[in-house]
Asker: 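Just passing along the structure, written as structure tokens.
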2 protein chains.
Amino acid sequence: MPIPVARHSLMREMNEMAVMTVVRQHGPVSRRRIAEVTGLTKSTVTVAVQRLFSKDVLMELGSVTAGPGRPERLLGLNPDAGYLLGASIDVAGFQLLLFDLEARVLDQKRGVFDAKASPNEVLEALAQAARLLRQQISARKYWGFGVSIPGIIAPSGTVIHAPNLKWKEVEAGEYLRRQLPGPLYVVNDAAAGAIAEYYFGNALTSEFLLYLSLGMGIGGGVMMGGNLLVGIHGAGTEVGHMVIDDNGPYCRCGRQGCFEAVASLRALTERAMRTRDVRDWVGLDHIIEAFNQDEPWARQALEETLHYLQQGITNLANIFDPDTIVLGGPLSRFGEYLRAQIERRVNQDMMIAGHRSIAVRLTRFNEFTSAFGAGAMALNTAVTTRA
Amino acid sequence: MPIPVARHSLMREMNEMAVMTVVRQHGPVSRRRIAEVTGLTKSTVTVAVQRLFSKDVLMELGSVTAGPGRPERLLGLNPDAGYLLGASIDVAGFQLLLFDLEARVLDQKRGVFDAKASPNEVLEALAQAARLLRQQISARKYWGFGVSIPGIIAPSGTVIHAPNLKWKEVEAGEYLRRQLPGPLYVVNDAAAGAIAEYYFGNALTSEFLLYLSLGMGIGGGVMMGGNLLVGIHGAGTEVGHMVIDDNGPYCRCGRQGCFEAVASLRALTERAMRTRDVRDWVGLDHIIEAFNQDEPWARQALEETLHYLQQGITNLANIFDPDTIVLGGPLSRFGEYLRAQIERRVNQDMMIAGHRSIAVRLTRFNEFTSAFGAGAMALNTAVTTRA
DNA sequence: TTAATTAGTTCGTGTTATATTTTATATATA
DNA sequence: TATATATAAAATATAACACGAACTAATTAA
């Protein structure tokens, strides 16, 4: 029963986090400005910054002088302060990244599997690869490991259900913690996407962010005021099985007209196969290429899919009322056209057009969004607890 | 930019709120148990309780002895500590309640209007009635006034848009604050419903509550860990215009197949008129009576509506993953049958049946839920700031 | 040079949660 | 009945903390 209470030790951490947030969002900033934005006094900021210095997560970036008075001394993140391991697992395999606090990749590995690979095989290979990458940095600068999985994950790190991977009750957290000592997080892939966009991506200053992972399934992740929205059972924001067409096609979950039954990569591909009248699986690369060359079958397949995407995303915009929506996953590769069409419809069809405006953006991390976000899970605790 | 920072003055308030929460949820409790539940030390609890004593919001309710050792002295809410004014405005008029901290009504007033009444007329009559009720209690024990309105409300209290009332850009907050000095809150009706259920109703211990107001429109309110979910533009949880049937009937918002176009009281009534083949408006009382007497037309109308209710609510359960859903509004008068049918379907059709269970309950406040909740808006600040 | 201006630090103060000690009130047992 | 034991709550001492005021630092303008 986590009733929020005040503890002295938490206060310092809260201030340090607030300072970090301002530095992260507003680039190099002076102490004065940090005090202004957070509402803390100058003296409190001084102390918090000193502590963050001693942890090596902040550094001075020279001073800037504008008009009379003592120049401002700019503070910035020290990207070399620590390194994160982030991985994302999906049907095809895993992506694993070793990156710094500015999301610059030092090294990466990829694992490829066929659909028959058991959870244990996948996790074993991932742990092996992670150990190799981890050796490249000093133990002191290793801040943690995060793994994203497209499924429902209990707080302990157990994968309760990941339909696309066909995983059920896999104790991924426990296993990986044994294999790789140190902070370890297992997290839903769309939730990881939201974290990635908030910490490194295209939603740094968002107060209320909705990230959508548009792939074979559709997942959602929400960051509110810097906190991830997690449901009571550990299932974050399962938007993929929102019914948006009561008489629509059957979904693999058994219901009809689920969002991901009509608007996912799977739905797009099936439409492409139908409009082209072929029986073979049509790859996404192929559809995108044909779409860019304005071939009718590809255009029609996308337009139909887009309609449902617009419906579903407008639904979610009405439900959550976010300031920013970021699109990731394979479908986001349709790029600016997709983004603009969705942004237009969302802002047009909100309950009160005009009064609200929601920015729709594309992820800047391509297929790596979830891996970055999973790694970023270790950030908060690392910054506040070290040294 | 509300970056959370630590302030000394806030810490005390946090502890006091935590203590109040435990007392509210667990009935009469000892200090020891409060310390246990909150994780605070016994001494901290002692201090917090003393402060709450001096504010008169807590009182001792005798002691209980079980086994050896000093008996526990039970603490409970002092219902007489303060009184709240709560009102709800809808198309028919307003309900106004004066009630104590245990939601017992001291007095109430009702305002009736026809559809042509201007916002100013309604607000003027409401302010008048509120002043009368307020006179019945001492100024010291008046804790505040909350008004719920079915629409989107800016933090300032301005009603941005309330389609059913046909209000737009009405500065209700400013007006009422002038008329009635003291704490004043304007809040969405479904949000108020969630607050009412959390503080006084059937979701006292819920960590993640979804309240649904099922009336001419459908509204949603979410309480997470004791905090109301509010979107970035002040539109809480506008679930009514979630499209759940892409080819469904047109909604008054212009889109097709919105939740409230197929599952609201309006939709039910229209179905009843169709199945009975009459042109006159059929009242809800009449439908409920007919349904209870098992008349086919009424049963059919409800079953159709229920289907869409189940679809929409399952969607929301998947999206939010709450532990409790409370149903309010006129449609909730179908009672246990409705509740059971929805609970069954929601728990059956969740992403992973078995692993999650969601309690579906009915409001216990009938048409007064929103009024209680609106009034309860004043609770937190009153408890922490007085004396 | 000197005054004015702005940024950042130092230090004293009051508030706070916590740990420790003390007091209060019961049961169990010889 | 006296004594030991167990538990709850209060009192007291302590250390951490944010804050405000005074102070120092580093620049421009005159």
Side-chain angles (χ1 to χ4, degrees), chain A residues 3-19 22-23 26 28-54 58-76 384-385 387, chain B residues 3-20 22-23 26 28-55 58-76 384-385 387:
Chain A
I3 291 171
V5 293
R7 265 174 233 287
H8 250 101
S9 58
L10 287 181
M11 300 176 61
R12 185 187 55 207
E13 295 180 12
M14 276 182 71
N15 284 351
E16 290 180 26
M17 279 310 303
V19 170
V22 177
V23 172
H26 301 280
V29 279
S30 66
R31 292 168 177 78
R32 181 194 59 79
R33 182 120 181 73
I34 293 174
E36 221 172 81
V37 174
T38 56
L40 295 165
T41 59
K42 287 190 296 176
S43 33
T44 306
V45 172
T46 295
V47 174
V49 167
Q50 273 165 0
R51 265 195 289 257
L52 289 168
F53 270 149
S54 75
L58 283 190
M59 50 193 276
E60 292 216 343
L61 300 170
S63 55
V64 83
T65 150
R70 177 175 174 173
E72 301 189 336
R73 286 152 72 190
L74 297 181
L75 303 167
T384 50
T385 58
Chain B
I3 292 172
V5 292
R7 268 174 229 288
H8 251 101
S9 58
L10 286 180
M11 299 176 61
R12 185 187 55 207
E13 295 180 11
M14 276 181 70
N15 283 353
E16 289 180 25
M17 279 311 303
V19 169
M20 287 297 290
V22 177
V23 172
H26 302 281
V29 279
S30 66
R31 291 168 179 76
R32 182 195 59 78
R33 180 120 182 74
I34 293 174
E36 220 172 82
V37 175
T38 57
L40 294 165
T41 59
K42 288 189 293 180
S43 29
T44 305
V45 171
T46 296
V47 174
V49 166
Q50 274 165 357
R51 267 196 290 258
L52 290 167
F53 270 148
S54 75
K55 293 178 192 176
L58 284 189
M59 51 193 274
E60 294 216 342
L61 300 170
S63 54
V64 82
T65 150
R70 179 173 172 173
E72 304 189 336
R73 286 151 72 188
L74 298 180
L75 303 167
T384 52
T385 59

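Numbers restart at 1 for each chain; the letters A, B, ... are given by sequence-line order, proteins then strands.
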Asker: Could you please name the option among D:dA10, C:dA7, C:dC11 that lies closest to any side-chain atom of A:S43?
Answerer: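 Of D:dA10, C:dA7, C:dC11, C:dC11 is nearest to the side chain of A:S43.
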Asker: Roughly how many Å is it from CZ in B:R51 to P in D:dA9, rounded to a whole number?
Answerer: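 Distance, rounded to whole Å: 18 Å.
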Asker: Does D:dC19 have OP1 or OP2 under 4.0 Å away from a side-chain N or O of B:R7?
Answerer: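 Indeed, a polar side-chain atom of B:R7 lies that close.
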Asker: State which of D:dA9, C:dT9, C:dT18 makes the closest approach to the side chain of B:L40.
Answerer: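 Nearest to the side-chain atoms of B:L40, counting from C-beta on, is C:dT18.
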Asker: Measure the distance from CG on B:L58 to C1' on D:dA9 and round it to the nearest whole Å.
Answerer: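 Computing the B:L58:CG to D:dA9:C1' distance gives 15 Å.
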Asker: Angle, rounded to 10°, between the helical axes spanning five pairs at each terminus of the helix from C:dT1-D:dA30 to C:dA30-D:dT1?
Answerer: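 Its terminal axes enclose an angle near 10°.
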Asker: Go through C:dA17, C:dG8, D:dA11 for me and flag the one nearest to the A:R73 side chain.
Answerer: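 Looking only at side-chain atoms, A:R73 lies closest to C:dG8.
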Asker: Measure CE/B:M14 against P/C:dA17 and give the value in whole Å, please.
Answerer: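 Value for this atom pair: 10 Å.
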Asker: Measure from CD on A:E13 to C1' on D:dA18 and round the result to the nearest Å.
Answerer: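 Going from CD in A:E13 over to C1' in D:dA18 covers 16 Å.
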Asker: Do the side-chain N or O atoms of A:T65 get closer than 4.0 angstrom to the phosphate oxygens (OP1, OP2) of D:dT27?
Answerer: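 A:T65 to D:dT27 OP1/OP2: no side-chain N or O under 4.0 Å.
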Asker: Hey, what do you get for CE (B:M11) to OG1 (B:T44), rounding to the nearest 0.5 Å?
Answerer: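 One gets 9.5 Å once the value is rounded to the nearest 0.5 Å.
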Asker: C:dT15 P sits how many Å from B:E16 CD, rounded?
Answerer: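 After rounding, the gap between these two atoms is 15 Å.
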Asker: Are A:N15 and D:dC17 close enough that a side-chain N or O sits under 4.0 Å from OP1 or OP2?
Answerer: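 A:N15 to D:dC17 OP1/OP2: no side-chain N or O under 4.0 Å.
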Asker: In whole angstrom, what separates B:E36's CD from D:dT7's P?
Answerer: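 Rounded to the whole Å, the gap is 12 Å.
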Asker: A:P71 or B:R70: which one's nearest nucleotide on DNA chain C is closer to the 5' end?
Answerer: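 It is A:P71 whose nearest nucleotide is closer to the 5' end.
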Asker: Starting at the 5' end of DNA chain D, which residue's closest nucleotide do you reach first, A:M11 or A:G67?
Answerer: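 With A:M11 and A:G67 compared, the 5'-side residue is A:M11.
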Asker: Phosphate oxygens OP1/OP2 of D:dA18: is one of them under 4.0 Å from a side-chain N or O of A:T41?
Answerer: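 For A:T41, the contact criterion (side-chain N or O under 4.0 Å from OP1 or OP2 of D:dA18) is not met.
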Asker: Contact class for B:S30 vs. all strands (heavy atom < 4.0 Å): base, sugar-phosphate, or nothing?
Answerer: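 Sugar-phosphate, no base atom in range.
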Asker: Counting just side-chain N and O atoms, does A:Q50 come under 4.0 Å of either OP1 or OP2 of C:dG8?
Answerer: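 No, A:Q50 has no side-chain N/O under 4.0 Å of OP1/OP2 on C:dG8.
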Asker: Regarding A:R33 and A:E72, does a basic nitrogen lie under 4.0 Å from an acidic carboxylate oxygen?
Answerer: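 Salt bridge flag = no for A:E72 with A:R33.
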Asker: Rounded to whole angstroms, how far apart are CG on A:L75 and P on C:dA7?
Answerer: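 Between P of C:dA7 and CG of A:L75: 13 Å.
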Asker: Mapping A:E72 and B:P68 onto DNA chain C by nearest heavy atom, which one lands closer to the 5' end?
Answerer: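 Comparing both residues, the 5'-ward one is A:E72.
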Asker: Given atom NZ of A:K42 and atom P of D:dA25, what is their separation to the nearest angstrom?
Answerer: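 Taking atom P of D:dA25 as the reference, NZ of A:K42 is at 15 Å.
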Asker: First locate atom NE2 of A:H26, then atom CG of A:L75, and finally report the distance between them rounded to the nearest 0.5 Å.
Answerer: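 These two atoms lie 13.5 Å from each other.
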Asker: Are A:R32 and D:dA26 close enough that a side-chain N or O sits under 4.0 Å from OP1 or OP2?
Answerer: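 No.
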Asker: Going by an N to O cut-off under 4.0 Å, is there a salt bridge joining B:K42 and B:E36?
Answerer: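 A salt bridge is absent here (no side-chain N lies under 4.0 Å from a carboxylate O).
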Asker: For residues A:L40 and A:N15, determine if any side-chain heavy atom of one lies less than 4.5 Å from a side-chain heavy atom of the other.
Answerer: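 A:L40 vs A:N15: side chains touch.
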Asker: Distance check, rounded to the nearest 0.5 Å: A:E16 atom CD versus A:E13 atom CD?
Answerer: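 If we round to the nearest 0.5 Å, A:E16:CD and A:E13:CD are 7.0 Å apart.
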Asker: Just by distance, with hydrogens left out, do A:T46 and A:S43 show a side-chain donor and acceptor under 3.5 Å apart?
Answerer: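 Note: A:T46 and A:S43 side chains miss the donor-acceptor criterion.
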Asker: Carefully, step by step, assess B:R31 and B:E60 under the rule salt bridge (Lys or Arg N to Asp or Glu O under 4.0 Å).
Answerer: CA-CA 11 Å; B:R31 291 168 179 76; B:E60 294 216 342; 3.1 Å; yes
Asker: By nearest heavy atom, map A:A66 and B:H8 onto DNA chain D; which one lands nearer the 5' end?
Answerer: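 First, find each residue's nearest nucleotide; the 5'-ward one identifies B:H8.
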Asker: Within the 4.5 Å heavy-atom criterion, are A:V64 and A:P71 side-chain neighbours or not?
Answerer: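 No - every pair of side-chain heavy atoms lies 4.5 Å or more apart.
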Asker: Ignoring backbone atoms, establish whether A:R31 has a side-chain N or O less than 4.0 Å from OP1 or OP2 of C:dA7.
Answerer: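 So the side-chain polar atoms of A:R31 never come under 4.0 Å of the phosphate oxygens OP1 or OP2 of C:dA7.
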Asker: Classify B:R33 by what it touches in the nucleic acid, base, sugar-phosphate, or nothing, heavy-atom distance under 4.0 Å.
Answerer: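 Since no nucleic acid heavy atom lies under 4.0 Å of B:R33, the category is nothing.
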